[in-house]
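Letters go in sequence order (proteins before strands), and every chain restarts at 1. Everything quoted here is computed from the prediction, not taken from an experiment.
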Amino acid sequence: MPPRVRRPAAAPDPSGSWSRIYAVVRRIPAGRVATYGQVAALAGLPRHARLAGYALAGLPDGTPLPWHRVINAAGQVSARREGPGGAVLQRLRLEQEGVRFDARGRVDLETFGWRPRRRS
DNA sequence: ATGCTGACTATGT
DNA sequence: TACATAGCCAGCA
């Protein structure tokens, strides 16, 4: 049995944790990246890095959210269980915004990491 | 209610 | 540098 994709119902619970995650993701500027843990913390959910990834995994295709700007703490695009497609698209979008990847496929967070100055 | 999973992270070796 | 492990906890069956 292939793992089922958990997707939020067509309309994610507006008052749920996922919405908090999405609200933060929306603030990440183009050309910058944030880590899952960072997004969760900014959403008021420290230690919920996995939830951040979980929430993004459930996004329907075409969602107007810069989900591609969220990567893991190692500076890499996280692999999906469903296949490399999404990860490849993510990297392409980031490079399109000017984010550079090194030979190992990592982004220098010191250079491209988003540093929000308390809300904004 | 219980058990399992995961687009994670910090830590140890 | 890389790999293994434990901790994390919201959803879903």
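When rounded to the nearest whole Å, the span between CG of A:L65 and P of B:dA7 equals 17 Å. Between A:N72 atom CG and B:dG6 atom P there is a gap of 16 Å when expressed in whole angstrom units. Atoms OH (A:Y54) and C1' (B:dC4) sit 10 Å apart, rounded to a whole Å. Regarding A:W18, its CH2 atom lies at a distance of 17 Å from the P atom of C:dC9, rounded to whole Å. The distance from atom CZ of A:R81 to atom C1' of B:dC8 is 14 Å, rounded to the nearest whole Å. One atom, CG of A:D61, and another, P of B:dA7, lie 15 Å apart when rounded to the nearest Å. Separating the CD atom of A:E82 from the P atom of B:dT5 is a distance of 16 Å, rounded to the nearest angstrom. Per the geometry, CG belonging to A:L51 stands 6 Å off P belonging to C:dG11, to the nearest Å.
A sub-4.0 Å separation between OP1 or OP2 of B:dC8 and a side-chain N or O of A:S78 is present.
Which of B:dC8, C:dA10, B:dA7 sits closest to the side chain of A:A49 comes down to B:dC8.
Separating the CG atom in A:D61 from the CH2 atom in A:W67 is a distance of 8.5 Å, to the nearest 0.5 Å. Interatomic distance, CG of A:L59 versus OH of A:Y22, reported as 4.5 Å (0.5 Å rounding). Taken from CH2 in A:W18 to CG in A:L45, the straight-line distance is 13.0 Å, to the nearest 0.5 Å. With rounding to the nearest 0.5 Å, the separation of CG in A:L42 from CZ in A:R119 is 12.0 Å.
Among the heavy atoms of the strands lying under 4.0 Å from A:A79 are primed sugar atoms or P, OP1, OP2 only; no base atom is included.
In this structure the side chain of A:S78 never reaches within 4.5 angstrom of the side chain of A:Q90, judged on heavy atoms. With a 4.5 Å cut-off on side-chain heavy atoms, A:W114 and A:V24 count as touching. In this structure, the side chains of A:Q76 and A:I71 stay at 4.5 Å or more apart for every pair of heavy atoms.
A donor N or O paired with an acceptor N or O is found under 3.5 Å between the base of B:dA7 and the side-chain atoms of A:Y36.
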Show me the protein contacts with nucleotides 1-4 of chain C, counting only N or O atoms at under 3.5 Å.
from  : atom 1 : to     : atom 2 : distance (Å)
C:dT1 : OP2    : A:R104 : NH2    : 2.8
C:dA2 : OP2    : A:R106 : NH1    : 3.3

Nucleotide N/O of nucleotides 6-8 of chain C paired with protein N/O under 3.5 Å:
from  : atom 1 : to    : atom 2 : distance (Å)
C:dG7 : O6     : A:R50 : NH1    : 3.2

For nucleotides 10-13 of chain B, print each protein N/O atom paired with a nucleotide N/O atom at under 3.5 Å, atom names and distance only.
none

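When all heavy atoms of A:T35 and A:N72 are compared, the closest pair comes out as CG2-O, 3.9 Å.
When atom types are taken as modelled, the side chain of A:R69 and the backbone of A:I28 share a donor-acceptor pair closer than 3.5 angstrom. Between the A:Q38 side chain and the A:G113 main chain, no donor and acceptor come within less than 3.5 Å of each other.
A continuous path of ILVMFWY side-chain contacts below 4.5 Å connects A:F101 to A:L109, so both sit in one hydrophobic cluster.
Salt bridge annotation for A:R91-A:E95: present, with a cationic side-chain nitrogen under 4.0 angstrom from a carboxylate oxygen.
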